[in-house]
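One structure is given below, encoded as structure tokens.
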Amino acid sequence: MERLTLDPDARCNQLYPYHRNPRVVAGGPTTSAVLKCQLQPLRKSGYGVRFTAEQWDRLRTVFPDGVCDWSKPDVGQRPLAGTWIRF
């Protein structure tokens, strides 16, 4: 068994290529388990590129409350109650 990875050289990805989606490209998880992310404020240093004043203003207009902080659990997420959950 092989863990899910974005490494194109991984055996599983060679057999079944993983196509990235906007969430993964933005730094999100490969799972769809996050329904509503916690937000963090916009920081110019967080992008690794230089913004023009116009670009930065546009980003702030599009995301006035901030952007997803993928390092935190989603809003309202709680740990499982135990290992063997029954439904």
Side-chain angles (χ1 to χ4, degrees):
M1 182 188 321
E2 182 177 82
R3 286 186 162 276
L4 177 61
T5 173
L6 297 178
D7 179 4
D9 295 327
R11 180 74 176 133
C12 188
N13 288 336
Q14 290 174 4
L15 295 171
Y16 307 100
Y18 179 78
H19 302 284
R20 294 178 185 217
N21 59 43
R23 181 183 282 199
V24 173
V25 171
T30 54
T31 66
S32 295
V34 177
L35 301 178
K36 178 171 177 31
C37 63
Q38 293 189 49
L39 299 178
Q40 65 181 348
L42 292 170
R43 290 185 334 268
K44 286 185 182 180
S45 63
Y47 294 94
V49 297
R50 288 183 131 164
F51 289 99
T52 65
E54 182 180 343
Q55 290 170 328
W56 185 249
D57 288 342
R58 175 75 175 137
L59 193 65
R60 288 178 39 208
T61 300
V62 173
F63 299 105
D65 299 324
V67 293
C68 286
D69 184 346
W70 298 111
S71 68
K72 295 181 180 176
D74 65 330
V75 173
Q77 181 178 1
R78 288 186 240 158
L80 297 176
T83 303
W84 300 103
I85 305 295
R86 289 193 169 89
F87 296 95

Qualifying residues under salt bridge (charged side-chain N to carboxylate O under 4.0 Å, His left out), relative to R60, sequence neighbours excluded: D57

Give a yes or no on whether E54 atom CD has more than 12 heavy-atom contacts from other residues, nucleotides or ligands under 6.0 Å away. no

Side-chain donor/acceptor of Q40 to backbone N/O of V67, under 3.5 Å: no

Can you name the residues that form a salt bridge (charged side-chain N to carboxylate O under 4.0 Å, His left out) with D74, not counting sequence neighbours? none

Shortest non-hydrogen contact from D7 to N13? O-ND2, 2.8 Å

Could you give all pairs that pass the ring pair (Phe, Tyr, Trp, His ring centres under 6.0 Å) test and reach residues 27-53, with sequence neighbours left out? Y47-F51, F51-W56

Side-chain (D69) to main-chain (Q38) donor-acceptor, under 3.5 angstrom: no

